[in-house]
There are 2 protein chains.
Amino acid sequence: MKVRSSADLGAVIRDRRRQLKLDQAGFARKIGVSRQWVIEIERGHPRAELGLVLRALDALDLTLDATTDEARRQNSGGVDIDAIVAKAKRGGT
Amino acid sequence: MKVRSSADLGAVIRDRRRQLKLDQAGFARKIGVSRQWVIEIERGHPRAELGLVLRALDALDLTLDATTDEARRQNSGGVDIDAIVAKAKRGGT
DNA sequence: AGCATATGTCATCGTTCGCTGACAATCAAA
DNA sequence: TTTGATTGTCAGCGAACGATGACATATGCT
């Protein structure tokens, strides 16, 4: 998922934490912060510490990727399915 | 580039800032922080504010993506073109 | 309903943020 | 070398961080 705001970050963390069936307290212990911190982060606190955020993502097996908009247009998200299919129907690869 | 630590983040920001031919002062003004802040971030300061970091990345036209290790194995570089083409040749979408 | 677990709220406290302003250090070009 | 721009360092200050602990609501299960 794209992370453009601290609210996005909070959503990503909360969703993933629940996927892994961790409660806030266990999650907090795992990354060495207070449960308060988890609450604030998941709420989208914009002034949280970068380092703790990275620790949290790591604990959730989430990796952060920084890419330029152009680079992304060429790769992953922007595969031109229609063109591929059209060519495929014509017998191309 | 993958961002696992604040040092990574600093490197990404510095490289991209230079790509765009911005000096620290201009960059700082653009995102509404002090030049001091830029210096600290590029040095890898781990306790920087999340919100300011996101503003900085935005100003550099950098987008952050949070993905699980598994998800990345399935997607990014690895769109299953063969499967798509095979289905297309059969007349599917 | 009752109970246990999970989540959210509040106040307090020590630490550190990011800003400002002035001053070095570094580097490039004339 | 001298100039100018860029980058790095320092001290001081107000504001906010994150931790702690106690309390208040959910939420879920029998």
Side-chain angles (χ1 to χ4, degrees), chain A residues 1-68 70, chain B residues 1-71:
Chain A
M1 158 144 185
K2 291 199 209 321
V3 179
R4 296 184 189 283
S5 64
S6 51
D8 289 348
L9 198 269
V12 166
I13 288 183
R14 161 155 291 191
D15 291 352
R16 182 73 176 144
R17 173 177 66 79
R18 288 181 167 154
Q19 254 183 43
L20 300 182
K21 304 228 200 286
L22 287 169
D23 61 13
Q24 292 177 341
F27 181 44
R29 266 188 289 103
K30 192 171 181 184
I31 64 185
V33 298
S34 67
R35 193 168 63 85
Q36 260 293 349
W37 186 86
V38 173
I39 293 173
E40 301 271 341
I41 272 293
E42 294 192 349
R43 179 179 291 165
H45 186 80
R47 310 196 48 185
E49 284 188 18
L50 174 63
L52 299 182
V53 169
L54 293 175
R55 291 229 302 268
L57 292 175
D58 193 60
L60 296 172
D61 283 308
L62 285 171
T63 303
L64 234 39
D65 255 273
T67 57
T68 65
E70 331 133 28
Chain B
M1 162 152 185
K2 291 200 210 317
V3 179
R4 296 184 190 283
S5 65
S6 51
D8 290 348
L9 198 267
V12 166
I13 288 182
R14 163 157 290 193
D15 290 353
R16 182 74 176 144
R17 173 177 66 78
R18 287 181 169 156
Q19 253 182 44
L20 301 182
K21 306 225 199 285
L22 287 168
D23 61 12
Q24 292 177 344
F27 181 44
R29 267 187 283 102
K30 191 170 183 185
I31 63 184
V33 298
S34 67
R35 192 170 63 86
Q36 260 293 347
W37 187 87
V38 173
I39 293 173
E40 300 271 339
I41 272 293
E42 295 192 347
R43 179 180 291 161
H45 185 78
R47 308 197 49 185
E49 283 189 18
L50 174 62
L52 300 181
V53 169
L54 293 175
R55 290 229 302 268
L57 292 175
D58 193 59
L60 295 172
D61 284 309
L62 285 172
T63 302
L64 234 40
D65 255 273
T67 57
T68 65
D69 297 343
E70 332 136 28

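Here is how names work: the chains are called A, B, and so on, in the same order as the sequence lines, proteins then strands, and each is numbered from 1.
Within residues 15-23 of chain A, the residues approaching DNA chain C are A:Arg17, A:Asp23, by heavy-atom distance under 4.0 Å.
Between the side chain of B:Arg47 and the main chain of A:Glu49, no donor-acceptor pair closer than 3.5 Å is present. Side chain of B:Arg14 to main chain of B:Glu42: no donor-acceptor pair is present (N/O by atom type, distance under 3.5 Å, no hydrogens or angles). In terms of modelled atom types and a separation under 3.5 Å, the side chain of B:Arg35 and the main chain of B:Gln24 share no donor-acceptor contact. At distances below 3.5 Å, not a single donor-acceptor pair connects side-chain atoms of B:Asp58 with backbone N or O atoms of B:Leu54.
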Can you give one letter per nucleotide of nucleotides 17-30 of chain D, 5' to 3': B if a protein heavy atom sits under 4.0 Å from the base, S if only from the sugar-phosphate, - if neither? SSSB----------

Test side-chain contact (heavy atoms from CB on, under 4.5 Å) on B:Leu62 and A:Thr68 and set out the steps. CA-CA 5 Å; B:Leu62 285 172; A:Thr68 65; 3.8 Å; yes

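The structure places CG of B:Asp23 at 7.0 Å from CZ of B:Arg17, a figure rounded to the nearest 0.5 Å. Note: B:Thr63 OG1 to A:Arg4 CZ = 4.5 Å, rounded to the nearest 0.5 Å. The distance from the CD1 atom of B:Ile41 to the OG atom of B:Ser6 is 8.0 Å, given to the nearest 0.5 Å.
Atom P of nucleotide D:dT7 and atom CD of B:Gln24 are separated by 5 Å, given to the nearest angstrom. When rounded to the nearest whole Å, the span between CD1 of B:Ile39 and C1' of C:dT20 equals 13 Å. If you measure from atom CD of B:Glu42 to atom P of D:dT7, you get 8 Å, rounded to the nearest angstrom. Nucleotide D:dT7 holds its P atom 16 Å from the CD1 atom of B:Ile41, rounded to whole Å.
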